Protein chains: 2
Amino acid sequence: MPAPAATEVDRPADRTADEAADQAVARTWTIREIADEFRVTHRTVRHYEELGLITPERRGTTRIYHRRDRTRLALILRGKRLGFPLEEIRTIIDLYDRPRGKASQLEYVLGQIDERRTDLEQRRRDLEDALTELAEFERRCRTDLDRLG
Amino acid sequence: MPAPAATEVDRPADRTADEAADQAVARTWTIREIADEFRVTHRTVRHYEELGLITPERRGTTRIYHRRDRTRLALILRGKRLGFPLEEIRTIIDLYDRPRGKASQLEYVLGQIDERRTDLEQRRRDLEDALTELAEFERRCRTDLDRLG
DNA sequence: CTTGACGTTGACGTAAACGTAAAGCAATAC
DNA sequence: GTATTGCTTTACGTTTACGTCAACGTCAAG
């Protein structure tokens with residue numbers, strides 16, 4: 001998996017100007033704008049659309065992005081940082097805005113949620129282990145360094 | 001990134017027989033054995049060797065795997081579950097068994113450790129956020145379900 | 001001694017996640 | 001006007017992480 005650097009920013013830097021406008025007119029964005037803000041290329045954004053992860057409005061041939069699309073993009077990028085493949089991310093996102101259905105539907109969704117959580121908790125264990133080992137390793141490095149200085 | 005399922009097992013199931021043998025004669029393993037135990041194919045194991053992540057002993061043309069190789073394989077698989085690309089995993093593993101060098105070397109290693117930790121901590125934040133949202137989402141599902149039942 | 005189970009080295013195939021180049025509209029800038 | 005800028009689609013290229021033969025060596029069992 002092509003994993004992204006964790007230094008990525010998934011929120012735009014300058015929100016001050018945006019926020020005022022958001023309240024006033026329900027701002028929209030062009031593909032270049034959200035691509036830049038989320039530190040990805042427009043090609044990447046379109047790729048996510050091809051996979052059905054985002055579905056921006058179309059004004060003629062031009063794509064118009066709403067707040068909803070930004071939320072989704074943030075979810076996608078976080079999923080990527082967590083190492084999930086895009087297809088899996090899609091099923092997760094689809095869960096999020098599935099309309100409140102019948103009981104059987106909800107049961108299904110709850111099952112999916114449980115799978116997801118099991119998965120995430122495994123990752124958390126891996127992560128804690130890695131951090132613990134890293135700390136231990138750093139400690140050894142420092143004592144070695146002290147011995148030299 | 002092609003990320004693996006978190007249901008993977010990265011430790012052999014039957015350790016009882018192994019442990020006794022380990023103490024006695026420093027057991028070794030064949031490629032098929034560790035592949036089976038770690039739930040990967042032998043092709044995968046060889047792929048990791050091609051990338052320099054594992055370097056098993058060679059008896060003639062046959063590969064002999066020691067405990068050291070098993071440790072590395074476990075590290076690799078955990079790295080994969082965390083979403084790291086193999087090349088990056090290699091640099092991490094290389095850090096782990098770098099011989100205790102000079103001060104400048106150690107400084108470098110400490111720098112690397114710090115990068116790695118920053119990265120992991122970002123992932124941890126993402127993970128906690130995801131789990132929190134998942135819990136909240138589950139709660140909403142359950143209340144919807146109660147309303148129906 | 002040949003059959004089969006496992007080992008080996010290539011070499012080519014593939015799926016995911018984009019990159020990149022080509023070529024075309026459409027509006028604004030000069 | 002035309003030139004630039006920005007959006008669009010189509011389409012082929014690339015990297016990662018293996019899968020999948022093919023073709024061969026080797027050792028124990030029948």
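Keep in mind that the numbers below use all heavy atoms, side chains included, and drop hydrogens, waters and symmetry copies. All chains are named by letter (A, B, ...) in the order of the sequence lines, taking the proteins before the strands, and each is independently numbered beginning at 1. Please read all numbers here as calculations on a predicted model, not as lab measurements.
Note: CG (A/Leu86) to P (C/dA16) measures 10 Å, nearest angstrom. Here C/dG7 presents its C1' atom at 19 Å from CH2 of B/Trp29, a figure rounded to the nearest Å. In this structure, A/Ile76 atom CD1 and C/dA17 atom P are separated by 11 Å, rounded to whole Å. For the pair A/Leu77 CG and C/dC18 C1', the interatomic distance rounds to 13 Å; values are reported in whole Å. Atom-to-atom, NE2 of B/His47 to P of C/dT9 comes out at 15 Å; the value is rounded to the nearest Å. Between A/His42 atom NE2 and C/dG19 atom C1' the separation is 10 Å, expressed in whole Å. In this entry the distance linking CD of B/Glu49 with C1' of C/dG10 reads 14 Å, nearest Å. Rounded to an integer number of Å, the gap from CZ of A/Arg90 to C1' of C/dA16 is 13 Å.
Distances from the side chain of A/Ile31 to the nucleotides D/dG19, C/dA17, D/dC7 place D/dC7 closest.
Scanning residues 51-66 of chain A for heavy-atom distances under 4.0 Å to DNA chain C yields an empty list.
In this structure, A/Cys141 and B/Ile113 approach most closely via the heavy-atom pair SG-CD1, 4.3 Å. The two atoms that bring B/Ala130 and A/Arg78 nearest to each other are CA-NH2, 3.5 Å, heavy atoms only.
Within the 3.5 Å criterion, the main-chain N or O of A/Pro85 finds no donor-acceptor partner in the side chain of A/Glu88.
A/Tyr48 has a side-chain polar atom (N or O) that falls below the 4.0 Å cut-off from OP1 or OP2 of C/dC18. Here A/Thr44 reaches the OP1 or OP2 of C/dG19: one of its side-chain N or O atoms lies under 4.0 Å away. Side-chain N/O atoms of A/Arg46 include one lying less than 4.0 angstrom from OP1 or OP2 on D/dT9. At C/dA17, none of the side-chain N or O atoms of A/Lys80 fall inside 4.0 Å of OP1 or OP2 (strictly under the cut-off).
Nearest-nucleotide assignment on DNA chain D puts the 5′-proximal partner with A/Glu50, out of B/Glu50 and A/Glu50.
By the criterion of side-chain heavy atoms lying less than 4.5 angstrom apart, applied directly or through intervening Ile, Leu, Val, Met, Phe, Trp or Tyr residues, B/Ile54 is not grouped with B/Ile64; the two fall into different hydrophobic clusters.
The cationic group of B/Arg123 lies under 6.0 Å from the six-membered ring centre of B/Phe84 and within 45° of the ring axis, placing it in a cation-pi geometry.
A salt bridge between A/Glu87 and A/Arg90 is present, with a side-chain N of the basic residue lying under 4.0 Å from a carboxylate O of the acidic one. Remark: B/Arg72 does not engage B/Glu49 in a salt bridge, criterion side-chain N to carboxylate O under 4.0 Å. Between B/Glu128 and B/Arg124 there is no salt bridge, since no side-chain nitrogen of the basic residue lies less than 4.0 Å from a carboxylate oxygen of the acidic one.
Judged as a salt bridge (Lys or Arg N to Asp or Glu O under 4.0 Å), and not counting sequence neighbours, A/Glu121 has no contacts.
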Review item, nucleotides 12-15 of chain D N/O atoms under 3.5 Å of protein N/O:
none

